Amino acid sequence: SFGAFFGLVVQEDRKRVMTAMKAARLKGDSFHMEYCIITPEGVKKYLEEYGHSEMDKQGRVLRLFGTVQDISRRKHTEKALSDADKNYRNLFETSPLPSYIFCLADFRILDMNERALRQYGYSRKEMLQMTIKQLRPSGEVPKLLTALKKEERRNEPVSFGVFTHCHK
């Protein structure tokens, strides 16, 4: 029954689930929502539900149709990715070394840490309009491009050697 099922819904999601169900039952609203339940065995599950109403000619709701899918695996994967992203972001931002991320296709700078901004003397906006070639003296650009081509072919880290960097 709905009552038995609703009893499984975690407390923090109950109001939202009840509001969507009432709107579907009384007004014929369709719904799409994600929420958590605790199974009778005590296992927390994440569910995604889609539903709509069948109505008679007078506009009264006759019944609700819908699907419920267990998305627990997806939610756990999303959390793991989010945690990994936070860890990476923290390492990147707090590194004592100037670091930047760039596109291998056109060498545009996509992101940089605060240390890189201080090291090179550019604002974030300025660096995002630059390529990594602009951070090297023009005479060293061919050496940089050669090192990047080696990296691309080998698909493993390559020692780039010592480079001179240009500051603002």
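Because the structure is a prediction, the values reported are computed rather than measured.
A donor-acceptor contact shorter than 3.5 Å links the side chain of Thr94 to the backbone of Asn90. Between the side chain of Ser72 and the backbone N or O of Asp70, no donor-acceptor pair lies under 3.5 Å. The main-chain N or O of Ile132 is never found under 3.5 Å from a side-chain atom of Arg108 such that the two would form a donor-acceptor pair. Between the Ser53 side chain and the Ala24 main chain, a donor and an acceptor come within less than 3.5 Å of each other. A donor-acceptor pair under 3.5 Å links the side-chain atoms of Arg115 to the main chain of Pro96, judged by distance alone. For the pair Thr146 (side chain) and Pro142 (backbone), a donor-acceptor distance under 3.5 Å is present. Remark: the backbone N or O of Ser99 is paired with a side-chain donor or acceptor of Asn113 at under 3.5 angstrom. For Asp13 (side chain) and Tyr35 (main-chain N/O), no donor-acceptor pair under 3.5 Å exists by modelled atom type.
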| Could you walk me through whether Met127 and Ser123 pass the side chain to side chain contact (heavy atoms under 4.5 Å, CB included) check? | CA-CA 6 Å; Met127 280 194 79; Ser123 70; over 6 Å; no
| task | Could you give me the CA-CA distance, side-chain angles and deciding distance for His52 and Leu64, then say whether side chain to side chain contact (heavy atoms under 4.5 Å, CB included) is met? | result | CA-CA 6 Å; His52 70 277; Leu64 298 176; over 6 Å; no
| Stepwise, does the side chain to side chain contact (heavy atoms under 4.5 Å, CB included) test hold for Leu148 with Phe107? | CA-CA 10 Å; Leu148 288 171; Phe107 310 111; 3.4 Å; yes
| said: Checking Met21 against Glu49 for the side chain to side chain contact (heavy atoms under 4.5 Å, CB included) test, could you report, in this order, the C-alpha distance in whole Å, the side-chain angles of both residues, the deciding distance, and whether it holds? | reply: CA-CA 11 Å; Met21 292 296 177; Glu49 185 171 356; 3.2 Å; yes
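To the nearest 0.5 Å, the span separating NE2 on His76 from NZ on Lys44 amounts to 8.5 Å. Atom-to-atom distance recorded for Tyr100:OH and Phe92:CZ is 10.5 Å, nearest 0.5 angstrom. Rounding to the nearest 0.5 Å places CZ of Phe31 at 12.5 Å from OG1 of Thr19.
Between Ile38 and the choices Val43, Val10, Leu8, the side chain to side chain contact (heavy atoms under 4.5 Å, CB included) rule is met once, by Val10.
The nearest pair of heavy atoms linking Ala116 to Pro98 is CA-CB, 3.6 Å. Residues Tyr88 and Ile101 come closest through the heavy atom pair OH-CD1, 2.8 Å.
For Arg74 and Glu48, the salt-bridge test passes: some basic side-chain N is under 4.0 Å from an acidic carboxylate O. The pair Glu140-Lys133 does not meet the salt-bridge criterion, since no charged nitrogen lies less than 4.0 angstrom from a carboxylate oxygen. We find that Asp111 and Arg89 are joined by a salt bridge, their nearest charged nitrogen and carboxylate oxygen being less than 4.0 Å apart.
Taking the six-membered ring for Trp and thresholds of 30 and 60 degrees, Tyr50 and His32 have nearly parallel ring planes, at less than 30 degrees apart.
At a threshold of 4.5 Å between side-chain heavy atoms, the hydrophobic network of Ile, Leu, Val, Met, Phe, Trp and Tyr places Met130 and Leu104 in one connected group. Residues Phe65 and Val61 are members of separate hydrophobic clusters, defined by side-chain heavy-atom contacts under 4.5 angstrom among Ile, Leu, Val, Met, Phe, Trp and Tyr. Residues Leu145 and Leu135 share a hydrophobic cluster, clusters being chains of Ile/Leu/Val/Met/Phe/Trp/Tyr side chains in contact below 4.5 Å.
Judged by the 6.0 Å distance and 45° axis criteria, Arg14 is positioned over the aromatic ring of Phe6.
Counting heavy atoms from C-beta on, the side chains of Glu34 and Tyr46 never come closer than 4.5 Å. Using a 4.5 Å heavy-atom threshold, the side chains of Leu47 and Gln69 count as separate. Annotation: side chain of Val17 is in contact with side chain of Met33 (closest heavy-atom distance under 4.5 Å). Proximity of Glu126 to Lys168: side-chain heavy atoms (C-beta onward) are separated by under 4.5 Å at one or more points. Side-chain contact between Met112 and Leu117 is present, with at least one heavy-atom pair separated by less than 4.5 Å. Counting only heavy atoms from C-beta outward, the side chains of Met55 and Arg63 never approach each other to under 4.5 Å.
For the residue pair His167 and Tyr120, no side-chain donor N or O sits within less than 3.5 Å of a side-chain acceptor on the partner.
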